[in-house]
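Everything on this sheet refers to the single structure shown next.
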Amino acid sequence: MTAGRSWPATLFLSLFGLAFIYPLLWLVAASLKPNADVFTTIGLIPSHIEWSSYKQGWVGIGRVTFTQFFLNTVKLVVPVVALTALSSAVVAYGFARFRFPLKKTLFSLMIATLMLPDAVIMIPRYILYRNFGWLNSYWPFYIPALLAVHAFFIFLLVQFFRGIPRELDEAAEIDGCGSFRTLTRVLLPLCVPALISVCIFQFIWTWNEFFNTLIYINSVSKFPVALGLRMVLDNEGAVNWNQVLAMCVVTIVPCVAVFFAAQKHFVEGIATTGLKG
Amino acid sequence: MSKQAATATTMTTKLMSSSRSRKRSRQYVGLLYISPWLIGFLVLTLFPFIMSFYYSFTDYSMIKAPAFVGLANYIDIFTKNPDFANSLKVTFLYVLMAVPGKLLFALLMALALNIGIRGIGVFRTIYYIPSILGGSIAVSVLWRFLFTREGLVNTLLGYVSLGPVDWLGSPKLALFTISLLPIWEFGSSMVLFLAGLKQVPKELYEAARVDGASRVRTFFRVTLPLLSPVILFNLIMQMINAFQQFTAAFVITGGGPVKSTNLYGLLMYENAFHYFKMGYASALSWILFIIIMAFTFVLFRTSDRWTHYEDGGDGR
């Protein structure tokens with residue numbers, strides 16, 4: 001395209017982008033404004049910066065502070081991400097490189113679970129975890145991650161494995177590598193970009209997870225930030241708006257940071273698999 | 001000589017049989033690798049799937065064992081529960097607004113970004129950010145603040161002497177306001193469309209131009225057909241998600257005012273985790289499942305009329 005044709009488009013896209021991102025900018029700005037200004041001013045520059053909203057918001061509810069909510073979230077998210085990457089890679093390797101009975105059927109079933117609405121299995125899963133004594137713990141998050149229940153990640157990695165020439169595995173095998181060593185020494189190092197995508201997706205999804213934490217976690221001392229934020233909203237939402245907004249910012253920041261740190265993988269990850277939104 | 005030949009033959013058969021047994025053991029190796037998923041699938045997906053069907057014919061509060069009640073739950077839902085009809089209606093409306101709205105936006109913005117301007121990466125990132133926050137409660141809280149009576153949106157409308165509009169307080173508008181949230185998060189679909197647009201061969205555009213086709217005609221005759229599989233895929237996944245929407249309505253309006261945003265997900269949640277009517281809620285979940293399957297089926301069946309596949313799977 002010629003430069004002359006593209007500047008109106010650039011202008012339009014910029015204005016439009018600004019409009020779309022404005023709510024988030026406003027969120028950050030309003031969290032720093034004095035409480036009385038939250039609704040009365042719409043500009044982005046606070047009349048004076050008020051850090052107290054963060055300090056008071058951080059105190060949380062009762063004796064549980066956001067420090068605790070953050071620690072809980074880390075305890076929840078980090079194992080889930082690690083287990084997901086591990087199990088999905090192993091399973092994807094099985095599907096991508098081996099022949100076994102019923103492989104086609106099993107692969108189709110795996111793909112079919114991508115489209116299975118969670119709503120229809122949510123209640124028996126809850127009852128199952130309850131019978132295992134896992135309510136109010138993080139096991140309902142760890143175990144599905146360990147068992148690669150998120151078929152999306154398996155699919156993503158299978159696609160990636162298929163793009164790696166088989167000659168590499170064969171060469172490794174001739175050199176005396178067992179199949180597991182072939183995976184860890186040859187294939188996984190080549191899969192790092194795909195594994196990063198898996199980790200980032202799972203990090204952001206688990207970090208933002210609301211419904212499952214709502215039904216599985218019920219003591220405040222085990223709340224992740226999502227539930228902590230909801231409690232702040234219920235308690236302070238009617239009065240101390242800037243505190244609520246400050247805690248919104250705090251819960252969003254890690255996700256946005258991770259996204260920016262690895263956005264190249266992130267956007268390419270979804271683009272190459274053609275999945276999920 | 002013959003002895004040598006015999007040795008060679010036995011060697012070969014030995015080698016062959018060992019490679020055959022290795023092949024057989026390799027079969028089990030494959031199964032071993034997929035076993036985490038297989039166990040997960042059987043225990044955490046298939047078993048719950050079957051159980052929810054069974055529970056849907058029972059009265060089950062988790063205190064006593066499930067008691068079989070036949071079709072009672074379904075009969076109650078269809079004949080005695082006005083909330084069911086309301087939630088169904090509200091959810092259909094929500095899906096009808098949110099899904100086409102989101103995809104249309106995503107498609108238009110992907111086209112706009114695809115004309116080859118500079119800094120496409122920056123725009124892609126900016127438009128993508130809202131969708132990474134996806135189901136996060138922080139975004140729902142933000143929505144509440146933006147659309148409250150004194151919120152940012154009404155303040156802006158005030159500048160052009162409009163409003164104030166009761167975005168969340170009016171039963172007629174609240175659902176619309178909530179369905180704006182997924183539309184705002186159009187970025188993830190847009191990225192998929194952009195990837196699809198990149199796959200369209202340049203020669204086709206050339207050919208269309210040589211034939212004197214207008215831009216609009218090129219779009220409808222070249223771009224859109226080639227993009228149709230991506231559109232179908234997005235449509236189905238977004239629809240499945242939208243039917244199950246929970247967080248936004250739960251946090252922004254709590255289902256109100258007067259149940260005007262009481263989406264199906266909220267109805268199920270209330271029955272399952274407030275009243276612990278697990279059998280009843282399972283019946284609700286199976287009704288939703290059948291509705292979603294029916295929609296998916298119809299989309300797939302009609303799709304060969306409007307989707308186009310490069311590799312000969314062309315359904316015209």
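Here is the naming used below: chain letters follow the sequence lines, and residue numbers restart at 1 for every chain. This is a predicted model, so every value here is computed, not measured.
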Residue pair [X] / [Y]: nearest heavy atoms and the distance that separates them:
X      : Y      : answer
A:N208 : B:L133 : ND2-O, 3.7 Å
A:P124 : B:M51  : CB-CB, 3.9 Å
A:G17  : B:I126 : O-CG2, 3.8 Å

Taking side chain as everything from C-beta outward and backbone as N, CA, C, O, which of these in [X] sits under 4.5 Å from a heavy atom of chain B? Side chain, backbone, both or neither.
X      : result
A:F20  : both
A:L227 : neither
A:M122 : side chain
A:S88  : neither

Return the option, out of [options], with the maximum number of heavy-atom pairs under 4.5 Å with chain B.
options                       : value
A:A148, A:P23, A:C255, A:A226 : A:P23
A:L128, A:V249, A:N131        : A:L128
A:I154, A:L102, A:L18, A:L214 : A:L214
A:L245, A:T251, A:L27         : A:L245
A:Y129, A:F211, A:F12         : A:F211
A:I123, A:I21, A:L24          : A:I123

Heavy-atom side-chain proximity of [X] to [Y] below 4.5 angstrom:
X      : Y      : value
A:P117 : B:M293 : yes
A:F260 : B:T125 : yes
B:F41  : A:V149 : no
A:F98  : B:I34  : no
A:F100 : B:Y28  : no
B:Y127 : A:L13  : yes

Report the relative orientation of the aromatic rings in A:F180 and B:Y33; use parallel for angles under 30°, tilted for 30 to 60°, perpendicular for over 60°.
->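 Rings of A:F180 and B:Y33: parallel, as their planes differ by under 30°.
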
On the 0 to 90° scale, with breaks at 30° and 60°, tag the A:F259-B:Y128 ring pair as parallel, tilted or perpendicular.
->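 Correct class here is parallel.
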
Answer yes or no: does atom OH of B:Y275 have more than 12 heavy-atom neighbours from other residues, nucleotides or ligands under 6.0 Å?
->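 12 or below, so no.
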
Select, from B:M62, B:M278, B:M268, the one with the greatest count of heavy-atom pairs under 4.5 Å involving chain A.
->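 When all of B:M62, B:M278, B:M268 are compared, B:M62 has the most.
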
Under the 3.5 angstrom rule, does the side chain of B:S52 hit a backbone N or O of A:I121 as a donor-acceptor pair?
->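 Not a single qualifying donor-acceptor pair exists.
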
For the pair A:R125 (side chain) and B:L44 (backbone), establish whether a donor and an acceptor sit closer than 3.5 Å, ignoring hydrogens and angles.
->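 Yes, the answer is positive, given that a donor and an acceptor are paired below the 3.5 Å cut-off.
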
